[in-house]
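Before any comments, here is the structure.
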Amino acid sequence: MKKTLAVATLFAILTAAAFGQTIKIGGTWPLADVTGEQGSKAAQLAVEEINKAGGINGRQLQLFIMDDELKADKGVAAIEKLVTVDKVDFLMGGMGSGVALAQVPTMKKYQKIVMSTGAASNLVEKALGADATWYFHLHPWDYTQGASYLEGWTAIAKKYPAMKIGKMFLAYEEGAFGKSSYDASKTMFAGNFKFDGASFKSAAMGGGDYTAVLEAAKEFRPDIFLWAGYDADALPILEQAKAMKYAPPLFVGAPPGWPKDFGKSPLANNVTLYGMWAASINDINPVSAKFYDAFIAKYKAEPATYFAPLSYSAVYVLADGIKRAGKDAFNKDGSVNNEAVIKALEETKYLSALGETITFTPSQVIKHQGIRNQKILQWQNGRQEVIWPFEVQTKAPVYPFAWK
Amino acid sequence: MRLNRKVIPWIVIGVAAAAAIAAWKPTALIYGVQRAGLYAAIAIPMALVLGIVHIVNLSHGETLMVAAYATYTIAQALGLDPWLALVPVMAVMAILGYLIFQLTIKHTLKAPELNQLILTFGIAITLTQLVTLLYTTQTRKMHLSYVSASLSIGETSFGVYDFVFVAMAIAMAVALNVFLTKTRFGKAAVAVGQNPRGAAIVGIDVQKVYVVIFTLSVILTGIMGSLFMTRQSIFPSVGGPYTMKCFSLVAMAGIGNISGILYGSLVLGLAEAVINGIKGMSGWSNIVFFLLIIGVIGVRAFKERKI
């Protein structure tokens, strides 16, 4: 009896060693920022859902979360720690381009498969180079985003002839983000639209006076008034525009996130915006609805930015790839078989919570680019509605913008 | 009231400059004055502390931020307008000011200035991190319809709400002037500011003056924090840039010169509005701001050397 028990115990230990090891995923996000805070929470949610459903090929997932604090040095240290101390099998996450750019050399050193959720700057893909086949980039690059806006506005003008879209004014914050947005937009739109712009000091940088740019725009009389700044600028720019009695036909905002309860302000109504996800997608996409309900049930808060569904999707895409790679996903020594998993990930066709099916195709430099387009959304009665792409449209655009 | 002859040329130059700005772009004059009011109202409490307690408070902007969050929290929880929430916020800020002084500032009053700077810098970071932990970095802004109040003159429409900052700056300057020159405690505070050892010899309780003036400064900053959040979005690092601007303004006006802050902020506010009014030049506004400050301090140093 004792002998049988000893054999059974030994068998159990060996089985656990062979099959019961967890698959370790290391993620870096800026945890003090709502994008990173919710992105990491959404990734954890996906991990728990997958584990509850039996894991991947009989193995449970384990997520290691590190705070990159939106600082390059912290981002690099986080990758080092995840790979050398936590011994993760895969890497994921990210938000800021600056952090991602700094992480590239470390990622190249370890060549772990990365499922990146951030970094819009094309400098990151230039740093990665064409041979970084282990890098899977879900977030659109800046130039694919720009192209999608042009495509979107052109399509909207065609479908809704009453909407006049020929003149654009870009008010941009004077930092790197705003300036690069201005340069990219000028290149993209100047050939198709009459284009002008002026800079302002963002409230996020100690500014917050938009009167000069609003006056310049008022003089230019654009069809689209677009501002590229931060969430801190969102309501004050509307308040000041209203005080100046300036109501452009389309009031478009392009901040990376929106302030808490922005939609509750009556000034927000019919403000147009760019983004990748809105809760209204729940009406037409069951994956989005499932994610949304689960997120609220677990964290008692609404997903405030698209980084939450994006990170959630990233875990599922990665898990799906590992699953399809099957027993070839790991070598006999327990290390990841990059070749097999990359091959499986290349065949990804995943209907995501963001509303689109994620596949990987080459971008200008890297081989594995996921999502290419941003969506054009509009605040309508406190909710962000998708107005383009039309295949995921949840409401027709309200035009023209006017003060209540 | 006799007008100082030396001031007359400056008044003439000021009026001529204002007339030129009004002729070029009337709104630049309006927004410049409004901006000046905001800077002055935030800087005056800092000048008070610097002039009497002789502490460069690098956590000034963060105190403003804490008051803004306190106002936001109270206004949201009780459904109050921030102007009403301002009353309990003053009490909160009084306690905060008292505690900061008793627990930290008091112990470094005789320490080298560098230690005081490091201490207040540490307080600034602590306040920022505490607010980040409690509220995250997500931006908050209450919608208040009255901040979009506007006035139209002919074709030109402009916001008028920001004149509250101008009114607040003038009210603070007048009230502090009365307090410091007409009340017994105020006179004692001025004496402490000029010569703390001499003030102690004649029987003034210097420590009491310090704690009251520091707490009063935090309360005044708190009032401005409440008004600030009606206009601007708030986030944990929102106060930082104002510390630097206010300190520069105080240095430009001369240590403890409260009325000088009104004039200085007017010059800086108008200069910023003019620069912003020229398309493509907004990036220069900070450079002009600090160049003006360097210029004024330089001229004053040169004059003092001549004397």
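Here is how names work: the chains are called A, B, and so on, in the same order as the sequence lines, proteins then strands, and each is numbered from 1. Everything numeric in this text was worked out from a predicted model, so none of it was measured.
When the candidates Met205(A), Gln240(A), Lys260(A) are compared by the number of heavy-atom contacts under 4.5 Å with chain B, Lys260(A) comes out ahead. Chain B forms the most heavy-atom pairs under 4.5 Å with one residue out of Gly197(A), Pro266(A), Pro30(A), Ala198(A), and that residue is Pro266(A). Of the listed residues Lys218(A), Lys201(A), Glu37(A), the one with more heavy-atom pairs under 4.5 angstrom with chain B than any other is Lys201(A). Ranked by heavy-atom pairs under 4.5 Å with chain B, the first of Ala304(A), Ala234(A), Ala212(A), Ala268(A) is Ala212(A).
A distance of 12.5 Å separates OG in Ser157(B) from CG in Leu214(A), rounded to the nearest 0.5 Å. Here the straight-line distance linking atom CG of Asp209(A) with atom CG of Leu38(B) works out to 9.5 Å at 0.5 Å rounding. The distance from atom CG of Leu235(A) to atom CZ of Arg140(B), rounded to the nearest 0.5 Å, is 13.5 Å. Summarising the geometry, atom CG belonging to Asp231(A) is positioned 8.0 Å from atom OG1 belonging to Thr137(B); distances are rounded to the nearest 0.5 Å.
Side chains of Glu215(A) and Tyr31(B) form a contact here, defined as non-hydrogen atoms less than 4.5 Å apart. Contact annotation: the side chain of Ser150(B) never approaches that of Met244(A) to less than 4.5 Å [non-hydrogen atoms, C-beta and beyond].
Using a 4.5 Å cut-off between heavy atoms, Thr136(B) contacts chain A through both its backbone and its side chain. Proximity to chain A (any heavy atom under 4.5 Å) is restricted, for Phe235(B), to the side chain, taken from C-beta onward. For Leu144(B), the part lying under 4.5 angstrom from a heavy atom of chain A is the backbone only. Looking at Ala216(A), only its side chain comes within 4.5 Å of chain B, counting heavy atoms on both sides. For Arg231(B), the parts lying near chain A are the backbone and the side chain together; criterion is any non-hydrogen pair under 4.5 Å. Contacts between Trp403(A) and chain B at a heavy-atom distance below 4.5 Å are absent for every atom of the residue. Contacts of Ser152(B) with chain A are made by side-chain atoms alone, with heavy-atom separations under 4.5 Å and no backbone atom involved. Of the two parts of Met281(B), neither the backbone nor the side chain holds a non-hydrogen atom closer than 4.5 Å to a non-hydrogen atom of chain A. Contact of Ala241(A) with chain B is not made at all, since no heavy-atom distance falls under 4.5 Å.
Look at Lys279(B) and Asp196(A) and you find a salt bridge, because one of the NZ, NE, NH1 or NH2 atoms lies within 4.0 Å of a carboxylate O, short of that distance.
Atom CZ of Phe195(A) is surrounded by more than 12 heavy atoms from other residues, nucleotides or ligands within 6.0 Å. The 12-atom threshold is exceeded at CZ of Phe290(B), counting heavy atoms of other residues, nucleotides or ligands nearer than 6.0 Å. The local environment of CE in Met244(B) is sparse, with at most 12 non-hydrogen atoms from other residues, nucleotides or ligands closer than 6.0 Å. The number of heavy atoms from other shown groups lying within 6.0 Å of CD (Glu219(A)) does not exceed 12. Within 6.0 Å of atom CZ in Arg383(A), more than 12 heavy atoms from other residues, nucleotides or ligands are found, so the atom counts as buried in its surroundings. Within a 6.0 Å radius of CZ in Phe220(A), other residues, nucleotides and ligands contribute more than 12 heavy atoms.
Remark: side-chain polar atoms of Thr139(B) are not paired, donor with acceptor, to backbone N or O of Pro259(A) under 3.5 angstrom. A donor-acceptor pair under 3.5 Å links the side-chain atoms of Ser148(B) to the main chain of Glu239(A), judged by distance alone.
Heavy atoms only, all atoms of each residue included: His143(B) and Ser265(A) are closest at ND1-OG, 3.4 Å. Contact between Ala149(B) and Ala243(A) at its shortest, heavy atoms only, is O-CB, 4.0 Å.
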